[in-house]
Protein chains: 2
Amino acid sequence: MPADPLSRVFSALADPTRRDMVARLATGDATVSELAAPFDVSLQAVSKHLKVLEDAGLVSRSREAQRRPVHLEAEVFDLMTKWIERYRRQAEERYRRLDDVLRSMPDRAAPHPPADDPPPPEGPQP
Amino acid sequence: MPADPLSRVFSALADPTRRDMVARLATGDATVSELAAPFDVSLQAVSKHLKVLEDAGLVSRSREAQRRPVHLEAEVFDLMTKWIERYRRQAEERYRRLDDVLRSMPDRAAPHPPADDPPPPEGPQP
DNA sequence: TTCTTGTTCAACCGCAAGGTTGAACAACGA
DNA sequence: TCGTTGTTCAACCTTGCGGTTGAACAAGAA
């Protein structure tokens, strides 16, 4: 599984079935069969979904007789929220500065011109 | 595109190339060519990535002569953070109550038993 | 041991995602 | 008008994902 952690988490939550499972697990641990009950898919498909969530670190599994209780690991959510907040803040800061500029020149009242000083792109972060 | 909005946003950000584009756009609007520059893929591929971001509502495009400046729409991030925060809070609340129970019975000090009163699953939300 | 329950492994299928190339379209500049 | 620049459309290829079925494994219960 070569994907980076952030990609794995976003990708895991991109599926509505898996999001429903996360929602269910937020109310308490559950077995595979319990998680599968509300859905119209095979147990094996649910098992695969859980593997995706586990690889993303969103979920952990223990053993308890034959059962394998699934447990939500909510800390990984931080990975996403940190990423999101970073760029949201950056964008908002940019708007704030842009509005300042607009306020300082009362003429040419264009509501939202395309860009303020676009710096050169800084390349992908591998 | 039948996918629900949340799936579209998560799925759009599951790709590292697209996340890099969002990071770049947080610093200011950019054209397709500018966005493509740091990456080792064709312009057409970048155009496709932008379509995915646009369908997810993360990005909008205007026209300016031949160019099509791309603009980050940071509001859609709220969709995700709201979803994440909801279940994170729910899980944390569950732990808090669990810890209260554990504190009230000083014997049998198991650090984190599997579940407290697992309620029946409430079905998928279609 | 044998039976039963719970879960996963393996092989397969259909389809969409991300990539390519080549051609077309849009809007300027000469 | 014609060429140039910037972007998208169309067709195609390969890979991965979500689903299936059937068999295997794990751990009690009889």
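Per chain, numbering begins at 1; letters A, B, ... match sequence-line order.
- Atom CG of B:D15 and atom P of D:dT15 are 17 Å apart (whole Å).
- With C:dA27, C:dT20, D:dG19 as the candidates, the nucleotide lying closest to the side chain of A:V41 is D:dG19.
- Within the 4.5 Å cutoff, the side chain of B:D15 has no heavy atoms near those of the B:V52 side chain.
- OP1 or OP2 of C:dG18 sits under 4.0 Å from a side-chain N or O of B:R18.
- Between A:E54 and A:K51, none of the side-chain N atoms (NZ, or NE/NH1/NH2) sits under 4.0 Å from a carboxylate O, so this pair counts as no salt bridge.
- Checked against D:dA11, D:dG28, C:dA26, the side chain of B:Q66 finds its nearest nucleotide in C:dA26.
- Between D:dT8 and B:R68, a contact under 4.0 Å exists linking OP1 or OP2 to a side-chain N or O.
- Nucleotide C:dT7 holds its C1' atom 8 Å from the CZ atom of A:R63, rounded to whole Å.
- Within the 4.0 Å cut-off from OP1 or OP2 of C:dG19, at least one side-chain nitrogen or oxygen of B:H49 is found.
- Between the CG atom of A:L43 and the C1' atom of C:dC9 there is a distance of 14 Å, given to the nearest Å.
- At the phosphate of D:dA26, neither OP1 nor OP2 sits under 4.0 Å from any side-chain N or O atom of A:R67.
- Considering only side-chain N and O atoms, B:S42 lies under 4.0 angstrom from the phosphate OP1 or OP2 of C:dT20.
- Counting to the nearest Å, the P atom of D:dT7 and the CD atom of B:E34 are 8 Å from each other.
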- Hey, mind stepping through A:V46 and A:M21 against side-chain contact (heavy atoms from CB on, under 4.5 Å) and telling me if it holds? CA-CA 9 Å; A:V46 171; A:M21 290 179 182; 3.6 Å; yes

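- To the nearest angstrom, P of D:dT7 lies 10 Å from CG of B:L50.
- For B:Q44 against C:dG22, a side-chain-to-base donor-acceptor contact under 3.5 Å is present.
- Using a cutoff of 4.0 Å between basic side-chain nitrogens and carboxylate oxygens, A:D29 and A:R67 are not scored as salt-bridged.
- Comparing A:A65 and A:V52 along DNA chain D, the residue whose closest nucleotide (by nearest heavy atom) sits nearer the 5' end is A:V52.
- What separates CG of B:D55 from P of D:dT8 is a distance of 12 Å, to the nearest Å.
- Residue B:T31 is classed as a sugar-phosphate contact, given heavy-atom separations below 4.0 Å to backbone atoms only.
- An OP1 or OP2 oxygen of C:dG6 is reached within less than 4.0 angstrom by no side-chain nitrogen or oxygen of A:S33.
- Of the candidate nucleotides D:dG18, D:dT20, C:dT8, D:dT20 has the atom lying nearest to any side-chain atom of A:A45.
- Between B:F10 and B:W83, the angle of the ring planes goes over 60°, which puts this pair in the perpendicular group of the 30/60° scheme.
- Counting to the nearest Å, the C1' atom of D:dT8 and the NZ atom of B:K51 are 11 Å from each other.
- When rounded to the nearest whole Å, the span between CZ of B:R61 and P of C:dA27 equals 15 Å.
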